[in-house]
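First the structure, in the form of structure tokens, and then the observations on it.
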Amino acid sequence: MCNWLSSLLVEFSRSHQTLRATKQLHALTVTTHLTQDPFYATKLIRFYAINNALHSAHILFDKTPNRSVYTWNSIIRAYAQHHQFDHAYSLFKQMLCSQCKPDNYTFSCILRACMEKTDVTSLRAAHGGLIVSDLESDSICSSALVNAYSKLGLVHEACEVFNGIVEPDLVLWNAMVMGYASCRLWHKGLELFSKMRHFGVNPDGYTLVGVISGLDGTSSLVIGEGVHGFSLKAGFCANAHVRSSLVSMYSRLNSLNSAYKVFSSSPWPDLVVWSALITGFVDGGVLEEALSLFREMNLQGQRADSLLIASVLAGCARLAAVRPAKEMHGFVLRFGYLSDAMVGSALINMYSKCGYVAVGVQVFESLQERYVATYNSIISCLATHGLASDALKLFEDMLEKGFKPDQSTFSAVLYACSLGGLVEDGQEYFRRMKEEFDIQASLEHYVHMVKLLGMAGQLELAYNLIQTMPGPPDTGVLGALLSCCVVHGNAEVGGIASSKLSAIEPENTAYRVMLSNIYASKENWEDVKILRESMVAAGLRKTPGLSWIEDNNA
DNA sequence: TTAGGGTTAG
């Protein structure tokens, strides 16, 4: 039927379409009565989506009477590509009720959407639908499933899917290797890498990235060097992704010289490889070198993005080094990054950690646009510096302005209450967090609550709160309790906390030393002697403390 | 006589 229009569409797909051209094409299909044909409607929906005109795409979709599976897929994909995963999923549910049944392309898109919105329930439901549609062995669906499950930390489910496929293709092998990496099981990834080679499957760049990005812990450095050698011999180091993951791996394993060598082998270093190197230096604590690389990157015309800037700002915060902090602040202002959510909050956090609370507040007040993350930073900043009532005022302010507080907000709020000794307020916020905002208390929240109650001398209450936790308390929660027992000289609760802590970390002497200090404060020298002797008998010694200060004149 | 797609790096 209308060959010329069909050719025009194909040509249009290959060219660089604009919104205006899409609208003209749309008009053309209307005048030639071709919008009834799902082929043309599908194409137009895709063009609208490419040009960020989701609304027009959806209107066209609504007006398309004979929707084919392609039509459904194009609108679902359009929403997914624009990160509107809820919309994508709800269209998928509508599709299930329609005449048109989803195919492997629909499922691949939906699985990714479930992963992106970290929705395990929907993911399992989609998996079920996929089995019903007899698509479980489909190559596209299986790799998308392995990917989705492992990215959400469900490595067993990912393995089950992988093991259910008789002859996995390269993409599926890669998805599983990468899946192990994202679940921090690098040894399993390495095993799978050997297995695939044993089966005669040749790895590609994706496989190597999967193996390399999983490696962690100093013991894996030798293995990393081996994989690097393999990549060099097999020619994978020409791949920019492989090089970046190598730079990042060497940085992670504290081998900054090797990281720099791999970086230097990049003929045209891109932003990712620059970021891998700079972030590596920042994390390695060599901030001056990191900053000089950052300057070099700018001189070479490579523009930083907000992710890199935020990570350098976090480095300045960690080292509490105010000079580089000011330099970075200048950079942020010169290049207009202040409107970014991550950069703004990283800047506030940095000044807070450097001890400049007033500058942090100034930055907050100067921001044109504020986000939940910005509020979290400033509340935490004020809390850290003992300005609890200002912190709580800002919390109320963010609620009034319609922001929805998250886990971190309540962490900062409870921290403010804890440092400010506001026991009743803290208890009330803890309750509201769970009941009003439906946020589950995390270990960090419990640490603040234990500190809040414990520092006020309510040690039994703090201990009872720990007993009500849904999971086992970690060293943070128990350590908070023990430190409060030291302050109040409570040997009874302190003894329980200390023994629980020593059971978790037998090598850590601090817990026994703290208990010994409680006994000493009570002049209970007999128990001090027993405890110290038991430490000597076990061959344990106290680790010396360490602190530093920046010398402006040095 | 049509059209989409699944796995990578900071």
*Under 4.0 Å: is that the gap between some side-chain N or O of A/Arg112 and OP1 or OP2 of B/dT7?*
yes
*Residue A/Tyr206, side-chain atoms from C-beta onward, closest of B/dG10, B/dA3, B/dT8*: B/dT8
*Of the nucleotides B/dG6, B/dG10, B/dT7, which one has an atom closest to the side chain of A/Ser143?*
B/dG6
*asked:* Regarding A/Gly205, tell me which of base, sugar-phosphate or nothing describes its non-hydrogen contacts under 4.0 Å with the strands shown.
replied: base
*Whole angstrom is fine here: how far is it from CD1 in A/Ile140 over to C1' in B/dG5?*
4 Å
_Contacting residues from residues 255-267 of chain A, given that a heavy atom lies under 4.0 angstrom of DNA chain B_ = none
*Which whole-number value in Å describes the distance from A/Phe162 CZ to B/dT7 C1'?*
12 Å
*Any chance you could measure A/Ile76, atom CD1, to A/Cys109, atom SG, to the nearest 0.5 Å?*
6.5 Å
*For the side chain of A/Val209, counting heavy atoms from C-beta on, which of B/dT8, B/dG10, B/dG6 is nearest?*
B/dT8
*asked:* Taking any heavy-atom pair under 4.0 Å as a contact, classify A/Ser139: base, sugar-phosphate, or nothing.
replied: base
_Donor-acceptor pair present, A/Ser108 side chain and B/dG6 base, under 3.5 Å_ = no
*With heavy atoms under 4.0 Å as the rule, sort A/Ile278 into base, sugar-phosphate or nothing.*
nothing
*Are A/Tyr70 and A/Phe39 an aromatic pair by the rule of ring centers under 6.0 Å?*
no
*Distance below 4.0 Å between A/Asn147 side-chain N/O and B/dT7 OP1 or OP2*: yes
*Within the structure shown, what part of the strands sits under 4.0 Å from A/Asp169 by heavy-atom distance: base, sugar-phosphate, or nothing?*
base
*asked:* Considering every strand and a 4.0 Å limit on heavy-atom distances, what is the contact class for A/Ser311: base, sugar-phosphate, or nothing?
replied: nothing
*asked:* I'd like to know whether the aromatic ring centres of A/Phe92 and A/Phe107 sit less than 6.0 Å apart in this structure.
replied: yes
*Give the rounded distance in Å between these two atoms: OH of A/Tyr70 and C1' of B/dA3.*
5 Å
*Return yes if the base of B/dG6 and the side-chain atoms of A/Asp138 contain a donor-acceptor N/O pair under 3.5 Å, otherwise no.*
no
*Rounded interatomic separation in angstrom, taking CE from A/Met176 and C1' from B/dT7*: 12 Å
*Checking all strands, does A/Arg77 fall into the base, sugar-phosphate, or nothing category for heavy-atom contacts under 4.0 angstrom?*
sugar-phosphate
_Please report the distance, rounded to the nearest Å, between CZ in A/Arg46 and P in B/dT2._
17 Å
*Indicate, with a heavy-atom threshold strictly under 4.0 Å, whether A/Leu307 touches base, sugar-phosphate, or nothing.*
base
_Interatomic distance, A/Leu170 CG vs B/dT7 C1' [rounded to whole Å]_ = 8 Å
*asked:* I'd like to know if A/Glu327 pairs up with A/Arg323 as an ion pair, taking the criterion as any Lys NZ or Arg NE/NH1/NH2 lying under 4.0 Å from an Asp or Glu carboxylate oxygen.
replied: no
*Considering only B/dT2, B/dG10, B/dT8, which nucleotide approaches the side chain of A/Phe39 most closely?*
B/dT2
_Among A/Asp62, A/Ile45, A/Thr42, exactly one meets side chain to side chain contact (heavy atoms under 4.5 Å, CB included) together with A/Ile75. Which residue is that?_
A/Ile45
_Tell me whether the side-chain N/O atoms of A/Lys151 come closer than 4.0 Å to OP1 or OP2 in B/dT8._
yes
_Quick check: any donor-acceptor pair below 3.5 Å linking the side-chain of A/Asp270 to the base of B/dG10?_
no
List the atom pairs, donor and acceptor, that lie under 3.5 Å between side-chain atoms in residues 185-201 of chain A and the rest of the protein, sequence neighbours left out.
from, atom 1, to, atom 2, distance (Å)
A/Trp186, NE1, A/Asp216, O, 3.1
A/Ser194, OG, A/Leu190, O, 3.2

*Any Lys/Arg nitrogen of A/Asp283 or A/Arg252 sitting under 4.0 Å from an Asp/Glu carboxylate oxygen of the other?*
no
*Taking atom C1' of B/dT8 as reference, at what distance in whole Å does atom CG of A/Leu246 sit?*
13 Å
_Distance flag, aromatic centroids of A/His127 and A/Tyr149, threshold under 6.0 Å_ = yes
*asked:* Using whole Å, what does the distance between atom C1' of nucleotide B/dT8 and atom CH2 of A/Trp173 come to?
replied: 18 Å
*For residues A/Phe47 and A/Leu19, determine if any side-chain heavy atom of one lies less than 4.5 Å from a side-chain heavy atom of the other.*
no
